[in-house]
Amino acid sequence: MEKPLSFIAVPILAISASSLLSCTLKEKKRPMNVLYIMSDDHSYQTISAYNDQLIKTPNIDRIAQEGARFTNSFVANSISGPSRACMLTGKHSHANGFTDNSSTFDGSQQTYPKLLQKAGYETAIIGKWHLTSAPTGFDYSEILVGQGDYYNAPFIKNGERIKSEGYVTDVITDKAIDWMENKRDKDKPFCLLLHHKAPHRTWMPDLQDLELFSDREFKLPDNFYDTYEGRQAAAEQEMSIIKDMDLVYDLKLADKENEIHSGALEQAGRNMYNLMTPEQRAAWDKHYDKVIADFKKANLSGKSLAEWKYRQYMRDYLRVIHSVDRNIGRVLQYLEDAGLLENTMIVYTSDQGFYMGEHGWFDKRFMYEESFRTPLLVRLPGGKKGDIEQMVQNIDYGPTILDLAGVPVPSDMHGVSFLPLLRGEKVDNWRTALYYHFYEYPAEHAVKRHYGIRTERYKLIHFYNDIDSWELFDLQNDPSEMHNIYGQPGTEQLVAELKERLVGLQKLYGDFNAMKYNN
């Protein structure tokens, strides 16, 4: 698919040279700034611009209301580090080399922030990095150590480790606003990557939000008690709320009596509690001591325990989202007050989707919709308002930002600029299928390696390595992906066509190693 060309209109006036220069300087537009905001594991189901049944997110919604909401936005590899590498390089994982979280990102390779630097942009990243190697391509970096902590997290500021105090979402927002106001060169356009840790596991809320949703009941997803019939890989995962969600680590039941024990993750859960100051712990205990006491008294088991875990998970997760939304509001207000709102493209997204109990799960990784799909809201001054239905992927973010800056998009990037879509232009030859490849197995959550293709209606997935299993879903008739119709009579021609298109994408992107598993 051809990448759209950007252009600059130059006024031609039949007047004197001095008047021409004066008029040109007045009319010449300053290059557009870019504020790219990415949360970690923020499900599209918990943004009210997509679904208002679980939580209201008015500040995130504002980006959609004043800009565009992408209704078919996806990732190339649904796990944190690899997703970030895809975003930075505009390439699928096999091409950028960061296939799973045990990898180390090759910082010497081409990334879109480096190309922006060469074009005169000032670049910065603040918040979660999670790519093992030090950031490159940034004039300023202030990143969390590893996954980061929710309370009093250490940062690495331009290579130097520093302390912080407070709740991590507030702290990252403070640092981002401070950089925009006090640290950047205001004679240059900027590109700031503001990366939140939240709402990554273990969903530790801000102290001011602890009582939110305490009395809220949540309807179980229809497939919460999924039996995974006909889906072997789904049956063998270890990301079940019922079986795998840890009482102490995930659900904050670190009791002072040391009576609640939960296995290998228990000590890590208690250690996170100990990172808080005495004042923070006192506020935390005021809420969770009652939760712990009620849990012990109830003495739950079976479905009652499973559904209690689901409710507690939802309450904590949504509390964390509430803090993210509040801080997005702070950033938008700063941009407005600083006069930057109308010359800055604002992006809000997540590094992938997340399960809110669908299939009985938390986490991500699978090519199923809840983790494959990711929210994407973009406010482009003067751009389209409303929904964009074309299929986009996180490999497209870099090309789009480069296109906006007037920087040629390198031909070796797999992604395509969706700037024409943001401008409301008609694009006749947009992609009609997406490619996905997940590598991190054997590893935490035991999700098998797999790759696949998604079209508007169908999804074909191949699980491989220590398994050889194909799955086919009709997303029109089975949006929850409960019925694997691969091998059923009457699907032969469809499967053949999808496999042919799958091979075509593997060749297009150069994922030749995956092709040896096709059959």
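We count residues from 1, following the sequence as given. Only this structure's heavy atoms are used, side chains among them; waters, hydrogens and symmetry mates stay out.
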Can you name the side chain to side chain donor-acceptor pair (under 3.5 Å) partners of K256, sequence neighbours left out?
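Applying side chain to side chain donor-acceptor pair (under 3.5 Å) to K256 gives D285, D289.
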Would you please name every residue forming a side chain to side chain donor-acceptor pair (under 3.5 Å) with E257, sequence neighbours left out?
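In terms of side chain to side chain donor-acceptor pair (under 3.5 Å), with neighbours along the sequence ignored, E257 is linked to K296.
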Test: E481 and R231 ion pair at under 4.0 Å
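Salt bridge flag = no for R231 with E481.
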Carboxylate-amine/guanidinium contact D206 R319, below 4.0 Å:
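No.
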Aromatic ring pairing [X]/[Y], orientation class (parallel under 30°, perpendicular over 60°, tilted between):
{"X": "F366", "Y": "F463", "result": "perpendicular"}
{"X": "Y464", "Y": "Y517", "result": "tilted"}
{"X": "Y451", "Y": "Y435", "result": "tilted"}
{"X": "F473", "Y": "Y368", "result": "perpendicular"}

Does Y249 form a side chain to side chain donor-acceptor pair (under 3.5 Å) with S262? I'd like the steps, not just the answer.
CA-CA 8 Å; Y249 182 69; S262 57; over 6 Å; no
Any chance NZ of K183 has more than 12 other-residue heavy atoms, nucleotides or ligands included, within less than 6.0 Å?
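More than 12 heavy atoms, drawn from other residues, nucleotides or ligands, come within 6.0 Å of this atom.
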Got a sec: does the CD of E259 have more than 12 other heavy atoms crowding it under 6.0 Å?
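Atom CD in E259 is packed in, count exceeds 12.
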Could you tell me if the ring centre of Y355 sits under 6.0 Å from that of F362?
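That pair fails the under 6.0 Å test.
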